[in-house]
There are 2 protein chains.
Amino acid sequence: MSEKSSKNSKVSLAEVARAAGVSKMTASRVLRGEGGYSEKTRDLVMQKIDLLGYVPNRLATVFAGDQTSTFVGVSIPDLGNEVFAQVLEGIDRKLRSFGYQTVLGLTQHTIQEEEAWIETVLSWQPAGLILTGRSHSPRALEMLRNAGIPIVEIWDLNSSPLDISVGVNHYDCGFEMGRYLVGLGYRSLGYVGTSHDTANAATARLEGFTKAITDGGGSVARQFCLHDTASYYPGFYGTEQLLASGAAVDCIYYQNDAMAFGGLQYCEKLGLSVPADIGVAGWGDMPIASVLQQRLTSLHVSHLKLGQAAAEAMVARISGEPHPTARDTGFHLVPGSTTRQIIG
Amino acid sequence: MSEKSSKNSKVSLAEVARAAGVSKMTASRVLRGEGGYSEKTRDLVMQKIDLLGYVPNRLATVFAGDQTSTFVGVSIPDLGNEVFAQVLEGIDRKLRSFGYQTVLGLTQHTIQEEEAWIETVLSWQPAGLILTGRSHSPRALEMLRNAGIPIVEIWDLNSSPLDISVGVNHYDCGFEMGRYLVGLGYRSLGYVGTSHDTANAATARLEGFTKAITDGGGSVARQFCLHDTASYYPGFYGTEQLLASGAAVDCIYYQNDAMAFGGLQYCEKLGLSVPADIGVAGWGDMPIASVLQQRLTSLHVSHLKLGQAAAEAMVARISGEPHPTARDTGFHLVPGSTTRQIIG
DNA sequence: TTGAAAGCGGTACCAT
DNA sequence: ATGGTACCGCTTTCAA
């Protein structure tokens with residue numbers, strides 16, 4: 001008791017060994033439970049470990065063993081967008097269950113931040129990296145290639161990933177929604193989203209969406225991208241801007257459900273009734289959609305599952321188990337009552 | 001070019017030094033830019049570093065120097081509750097700006113998960129730990145005390161923290177809201193929140209709230225705690241349960257704004273008008289509140305700022321700068337139109 | 001079943 | 001301005 005409270009710092013394996021009257025090696029073997037010692041020895045060592053409050057120094061373990069650590073670097077654009085928070089939750093929970101630790105990097109949607117973070121995190125000898133998005137700086141790409149560790153790129157499914165890709169095809173998401181809306185009869189669409197320096201998944205959705213709309217004989221008459229996080233207020237404000245611009249749109253497609261909800265609120269404020277006066281569609285089937293009076297027309301994606309799948313892919317790769325280069329976690333359209341069939 | 005692409009793994013300082021024709025020490029000095037070498041030497045070494053794609057092994061640095069790492073362990077209950085996501089964002093961004101890395105631990109609100117995570121993360125020699133909440137297992141407490149590193153407990157302001165406490169006084173939050181509502185004339189209050197194994201900040205809010213209500217001559221007639229994450233649907237469902245229980249409540253207080261919004265939606269579904277038929281109050285002044293038609297009666301807390309303050313406290317302590325034992329990041333009541341003055 | 005010695009990739013310290 | 005050497009805490013290897 002007094003023995004341990006006096007030294008708050010650094011009890012080493014050597015000290016444990018000395019206290020137990022055995023060699024470092026024996027103590028080390030006991031600690032790892034890899035056999036090669038007697039019951040009596042084990043009990044003795046364990047007792048001393050407890051007594052001294054020994055905490056192993058994993059830095060030294062990794063270092064000595066020339067292994068990689070159990071760190072997995074995880075880069076996420078921002079947490080103000082609820083979907084990324086869910087993805088992160090899925091990743092961390094799954095990673096933890098396999099004995100890995102998440103080293104977080106919030107990149108604020110910029111590849112420069114990502115590059116700086118990658119450089120730092122690599123110096124800690126991580127077991128692997130999970131990166132959101134597929135655009136990386138040239139220097140980041142070089143570091144990633146030289147790192148010699150598994151890299152899982154998530155979010156936007158990538159047919160030729162650096163290593164492994166887990167996510168959904170955002171172009172297809174947009175295309176499917178576009179096709180659905182044009183099928184309902186909408187012709188003059190609006191879009192409200194956020195913009196960032198790099199091409200991203202939301203951009204891909206908009207492209208797929210635009211393609212489907214024009215294919216169907218309609219057009220994306222107006223689009224507003226705010227440089228902000230994809231949440232409620234930007235959806236509200238973006239809608240205000242879009243409607244104030246005088247564009248005659250019959251339906252607005254939003255970057256995600258949170259923004260769509262902001263839009264719904266602006267419409268209500270303006271006295272526009274949805275879907276009678278204007279249609280509204282979102283993306284992600286986010287939690288808020290479960291409590292609205294109207295079922296929001298959206299597209300379901302399981303963000304938690306996507307995160308878990310990413311962690312599983314990482315663990316598989318680390319363990320040398322086979323894993324497909326790309327894993328599509330899927331989506332499906334959720335028709336709602338915020339859009340309607342347009343008669344002629 | 002070919003020189004580096006061939007060896008994806010492990011270029012050591014020794015190799016850089018050899019390539020540059022200098023000693024390890026000189027190369028080390030150049031790398032750290034601490035002087036003691038000529039311009040020519042520096043350029044030569046830098047060139048080789050670049051050529052070989054050398055990535056320093058910080059494990060070895062920390063290990064050799066017997067320093068702590070630049071890791072800061074951060075435990076968060078869950079990310080489904082948007083307020084924690086914001087706190088984490090504030091922490092990570094600030095920490096990054098000071099050159100520290102977040103090692104995340106999602107504890108799912110249990111002290112056992114927290115204990116396991118603390119044990120693991122301590123073995124990586126973190127520079128400090130930021131923990132959400134103030135209840136820890138006995139073994140966790142012992143490990144924390146023996147760790148000899150800064151510990152910042154956040155969220156619930158604690159007058160006698162392990163080390164430093166950053167957050168708000170949740171009891172006071174609840175008390176203030178209770179006083180406000182009772183002042184408006186509400187007398188039979190309901191509460192909808194979530195419950196977890198350990199006493200937490202939400203519990204403290206409820207206690208403060210109950211005290212103020214009873215002090216004012218009212219009572220908390222019914223409370224519903226769901227074992228779920230504090231988000232939209234539990235608010236909706238909890239309200240349904242509460243109202244179905246036949247309790248005559250004139251106002252419902254929710255654990256946070258997300259749950260309150262769920263409650264508002266249920267009321268609307270039921271045809272109850274707010275605040276005419278029933279009052280609704282939340283907590284947190286969360287992003288969704290900014291787009292609602294009615295200003296939600298709530299209590300403003302800056303979650304991002306709270307996270308940032310926690311990171312600042314951590315950095316100050318690591319650097320040995322003075323920092324108060326407790327830092328209150330404050331709150332203020334936001335009267336809204338989801339509650340009203342009750343006439344006698 | 002157990003132990004001694006070497007070494008992982010850096011840095012501190014002392015020489016030169 | 002530069003280099004040699006010991007050493008951080010642990011594991012690997014080889015011997016006993």
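Naming convention: chains lettered A, B, ... in sequence-line order (proteins, then strands); numbering from 1 in each chain.
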Passes side chain to side chain donor-acceptor pair (under 3.5 Å), A:H196 versus A:Q108? Steps please. CA-CA 9 Å; A:H196 294 286; A:Q108 323 236 54; over 6 Å; no
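- Across the protein-nucleic acid pair, B:N57 atom CG and D:dC8 atom C1' stand 13 Å apart, rounded to whole Å.
- The closest side-chain heavy-atom distance from B:L129 to B:L144 is below 4.5 Å.
- We find the OG1-CD distance between B:T107 and B:E115 to be 12.5 Å, quoted to the nearest 0.5 Å.
- Side-chain contact between B:I76 and B:V74 is present, with heavy atoms from C-beta onward closer than 4.5 Å.
- Atom C1' of nucleotide D:dC10 and atom CH2 of B:W124 are separated by 12 Å, given to the nearest angstrom.
- Every side chain to side chain contact (heavy atoms under 4.5 Å, CB included) that A:S97 has, sequence neighbours left out, goes to A:K94.
- Using a 4.5 Å cut-off on side-chain heavy atoms (C-beta onward), A:D78 and A:F84 make contact.
- We find that CD of B:E15 is positioned 11 Å from C1' of C:dG9, with the value rounded to whole Å.
- Taking atom CD of A:E39 as the reference point, atom P of C:dT2 lies 11 Å away to the nearest angstrom.
- One end of the helix from C:dT1-D:dA16 to C:dT16-D:dA1 points its axis 30° away from the other end's axis, with each axis taken from 5 pairs and the angle rounded to 10°.
- Protein atom CZ of B:F63 is 8 Å distant from nucleotide atom P of D:dC10, rounded to whole Å.
- Residue B:L59 comes nearest to A:Q125 through the heavy atom pair CD2-CG, 3.6 Å, listed as atom of the first residue, atom of the second, then distance.
- The phosphate of D:dT2 has neither OP1 nor OP2 within less than 4.0 Å of any side-chain N or O from B:T26.
- Taking the charged nitrogens against the carboxylate oxygens, B:E119 and B:R139 do have a contact shorter than 4.0 Å, which makes a salt bridge.
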Using the 3.5 Å cut-off, write out each protein N or O paired with an N or O of nucleotides 11-15 of chain C and the distance between them.
unit_1	atom_1	unit_2	atom_2	d
C:dT11	OP2	B:S28	OG	2.3
C:dA12	OP2	B:R32	NH1	3.0

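- Taking OG1 of B:T61 as the start and CZ of B:R58 as the end, the distance is 7.0 Å to the nearest 0.5 Å.
- In this structure, B:S12 does not reach the C:dG10 phosphate: none of its side-chain N or O atoms is under 4.0 Å from OP1 or OP2.
- Within the 4.0 angstrom heavy-atom criterion, only backbone atoms of the sugar-phosphate kind lie near A:V22; the bases stay farther away.
- For B:T41, a side-chain nitrogen or oxygen approaches OP1 or OP2 of D:dT2 to under 4.0 Å.
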